[in-house]
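Notes follow once the structure below has been shown.
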Amino acid sequence: MKVLVTGGAGFIGSTVVRRLLAGGQDVQVLDNLETGKLRNLPADVLCIKADVRDEAAVRAACVGCELVIHLAAMVSVSLSTVEPERCFDINVSGTRNVLAAARGAGCRRVVLASSAAVYGDEPTLPKREDMPAMPLSPYAYAKWQNEIDAAYFQRFCGLETVCLRFFNVFGPRQDPASPYSGVISIAARRLLSQQPFTVFGDGLQTRDFVFVEDVAAALLAAAQSPQAVGSIINVGRGERVTLLQLVQELSDVIGVQPALQFADPRAGDVRHSLSDVTRLRTQLGIHSQVDLKTGLATTIDWMRSEPDAA
Ligand code: UD2
């Protein structure tokens, strides 16, 4: 099967690409390499350097593909509050281009990365997929719109779609150098270099951190599962920790005393996040294989092996 992975040179994308290759699939990547990196990919993978906003490039990339895994996006909630129009352009218009191109090329299925950010202010925990969306940021509105657009293409255009609501994904190849990257990679880099880590808010916000290999497994299952067609499915571990607990776990793994400084909460920040994992289990047959400590240890090993990362 020929598979297109948009954002395939990124952190999650490059993990999925490896799994697809290991399963014998014919994989190509479309990535503008703004946050993705060629060095994340095995050398023999075709990487088309193009943006999802480039309709013609996306159309050409979809030709002959049976499956599209769409991960290319502006991934930062806080960056989306600074640059909302660019966020809508990339995350909404770009995603519409991907859906339209996949349909035009006769692809069978598109699996899309949505986000737990869609739940926003909804106070109930754990978050179930049938709860109302209460977005708090341009990023969350854009991801919600992606789900609506996917439903439209599914219902009216004969394209199978599956939307996965990622919780907080972490693991090797998450870029620690960007202030807009995931908190684990940022905190790990600061602790490894014995520098203080800045906690936005009181540190008592909670997150459901899920290891990238578990997310890649969910993406592949979503590409295959007949029950998943037309669904929205949480991808989390079903456990949450406060940010302060996370930093302590990370410090224990690294073997340092954390030095913290506190700053105002970030715009658009969700207070608590925890995934209900029933659909993940029943529709995709997946449950998280990697606990937080093991995932953190693997991530730190990777950072220590990558001079640029640590
Ligand atoms: C993450 C994902 C987002 C989406 C969402 C779903 C990233 C970059 N973003 O958003 O794409 O899938 O999860 O739940 O992976 N923080 C600090 N100090 C720092 C950086 C962050 O205190 O230097 C805090 C931040 O204010 C927030 C928490 O850590 O309360 C997590 O921040 P994040 O940027 O890793 O992830 P989040 O939940 O905004």
request  = Using the side chain to side chain contact (heavy atoms under 4.5 Å, CB included) rule, take Arg59 and Val63 through it: C-alpha gap first, then chi angles, then the decisive distance, then the call.
outcome  = CA-CA 7 Å; Arg59 268 202 305 272; Val63 171; over 6 Å; no
inquiry  = For a side chain to side chain contact (heavy atoms under 4.5 Å, CB included) check, start with the C-alpha distance between Asn234 and Val277, then their side-chain angles and the critical distance, and finish with the verdict.
reply    = CA-CA 6 Å; Asn234 288 339; Val277 292; 5.8 Å; no
key: side-chain hydrogen bond (donor to acceptor under 3.5 Å, both in side chains) between Ser288 and Asp214, worked out   = CA-CA 6 Å; Ser288 164; Asp214 285 332; 2.9 Å; yes
request  = Just do the salt bridge (charged side-chain N to carboxylate O under 4.0 Å, His left out) check on Arg19 and Glu213 with the steps written out, would you?
outcome  = CA-CA 9 Å; Arg19 284 205 169 214; Glu213 290 290 350; 3.0 Å; yes
inquiry  = Could you go through Leu260 and Leu244, starting from their C-alpha distance and side-chain angles, then the distance that decides it, and tell me whether this counts as side chain to side chain contact (heavy atoms under 4.5 Å, CB included)?
reply    = CA-CA 9 Å; Leu260 302 182; Leu244 295 181; 3.8 Å; yes
ask   = Checking side chain to side chain contact (heavy atoms under 4.5 Å, CB included) for the pair Val111/Leu71: CA distance, chi angles, key distance, verdict?
value = CA-CA 9 Å; Val111 180; Leu71 302 171; over 6 Å; no
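Rounding to the nearest 0.5 Å gives a distance of 8.5 Å between CG of Leu33 and CG of Leu41. Atom CG in Asp26 sits 6.0 Å away from atom NZ in Lys2 (nearest 0.5 Å). In this structure, CG in Leu38 is found 11.0 Å from OG in Ser14, a value given to the nearest 0.5 Å. Interatomic distance, CG of Asp269 versus CG of Leu243, reported as 9.0 Å (0.5 Å rounding). Rounding to the nearest 0.5 Å places CG of Leu21 at 6.5 Å from CG of Asp44.
With hydrogens and angles disregarded, a donor-acceptor distance shorter than 3.5 Å links the side chain of Asp31 to the backbone of Ala9. Judged purely by atom type and a 3.5 angstrom limit, Ser305 uses its side chain to pair as donor or acceptor with the backbone of Trp302. Between the side chain of Ser137 and the main chain of Gly268, no donor-acceptor pair closer than 3.5 Å is present. Put simply, the side chain of Gln205 never gets that close to the backbone of His272: no donor and acceptor are under 3.5 Å apart. Looking at Ser114, its side chain never comes within 3.5 Å of a backbone N or O of Cys163 through a donor-acceptor pair. Panel note: side chain Lys143, backbone Ala113; a donor-acceptor pair is recorded below 3.5 Å. For the pair Asn168 (side chain) and Arg207 (backbone), a donor-acceptor distance under 3.5 Å is absent. Side chain of Asp208 to backbone of Ser275: a donor-acceptor contact under 3.5 angstrom is found. Formation of a donor-acceptor pair under 3.5 Å by the Gln25 side chain with backbone atoms of Val3 is not found in this model. Side-chain N or O atoms of Gln261 include none that pairs as donor or acceptor with a backbone N or O of Phe197 at under 3.5 Å.
Using a 4.0 Å cut-off between charged nitrogen and carboxylate oxygen, Arg165 and Glu147 count as a salt-bridge pair. Classification of Lys293 and Asp291 as a salt-bridged pair fails, no side-chain N sitting under 4.0 Å from a carboxylate O. Note on Arg108 versus Glu160: salt bridge recorded, some NZ/NE/NH1/NH2 to OD/OE distance being below 4.0 Å. A salt bridge links Asp89 with Arg53: the closest approach of a Lys/Arg side-chain nitrogen to an acidic carboxylate oxygen falls below 4.0 angstrom. Between Arg109 and Glu66 there is no salt bridge, since none of the side-chain N atoms of the basic residue sits less than 4.0 Å from a carboxylate O of the acidic one. Between Arg86 and Glu34, at least one side-chain nitrogen of the basic residue sits less than 4.0 Å from a carboxylate oxygen of the acidic one, meeting the salt-bridge criterion.
The heavy-atom pair separating Leu246 from Val241 by the smallest distance is CB-CG2, 4.1 Å. Taking each heavy atom of Asn91 and Ala142 in turn, the nearest pair found is CB-CB, 3.8 Å. In plain terms, the two heavy atoms of Leu250 and Ala187 that are nearest each other are CD2-CB, 3.7 Å. Between Ser78 and Tyr180 the shortest heavy-atom distance is OG-CD2, 3.5 Å. Between Val162 and Ala222, the shortest heavy-atom contact is CG2-O, 3.6 Å. The two residues Gln174 and Val169 have their closest heavy-atom pair at NE2-O, 3.3 Å.
Two residues are said to be in side-chain contact when any heavy atoms from C-beta on lie closer than 4.5 Å; Leu46 and Val29 fail this criterion. Side-chain contact between Trp144 and Pro135 is present, with at least one heavy-atom pair separated by less than 4.5 Å. Two residues are said to be in side-chain contact when any heavy atoms from C-beta on lie closer than 4.5 Å; Tyr139 and Ser115 meet this criterion. No side-chain heavy atom of Val235 sits less than 4.5 Å from a side-chain heavy atom of Arg279.
Under a hydrophobic-cluster definition in which Ile, Leu, Val, Met, Phe, Trp and Tyr are linked whenever side-chain heavy atoms come within less than 4.5 Å, directly or via other members, Val247 and Met303 are assigned to the same cluster. Residues Val215 and Ile69 fall within the same hydrophobic cluster, defined by Ile, Leu, Val, Met, Phe, Trp and Tyr side chains chained together at heavy-atom separations under 4.5 Å. In the hydrophobic clustering of this structure, Leu30 groups with Val98; members are Ile, Leu, Val, Met, Phe, Trp, Tyr whose side-chain heavy atoms approach within less than 4.5 Å, directly or through other members. Taking hydrophobic clusters as Ile, Leu, Val, Met, Phe, Trp and Tyr residues chained together by side-chain heavy-atom distances below 4.5 Å, Val68 shares a cluster with Leu159. In terms of hydrophobic clustering, with Ile, Leu, Val, Met, Phe, Trp and Tyr side chains grouped at heavy-atom distances under 4.5 Å, Leu99 and Leu67 are assigned to different clusters.
Side-chain N/O atoms of Ser178 and Asp175 include no donor and acceptor closer than 3.5 Å. Using modelled atom types and a 3.5 Å distance limit, the side chains of Tyr141 and Asn146 yield no donor-acceptor pair. Side chains of Arg240 and Thr206: a donor-acceptor N/O pair is present below 3.5 angstrom, by distance only. Between Thr282 and Thr278, the side chains place no donor N or O within less than 3.5 Å of an acceptor N or O (distance only, hydrogens not considered). A donor-acceptor contact closer than 3.5 angstrom is absent between the side chains of Glu249 and Ser251.
Counting heavy-atom neighbours within 6.0 Å of Phe262 CZ, excluding the residue itself, gives a total above 12. Taking a 6.0 Å sphere around CD of Glu85, one finds it holds 12 or fewer heavy atoms contributed by other residues, nucleotides or ligands.
Aromatic ring centres of Phe211 and Phe170: separated by under 6.0 Å.
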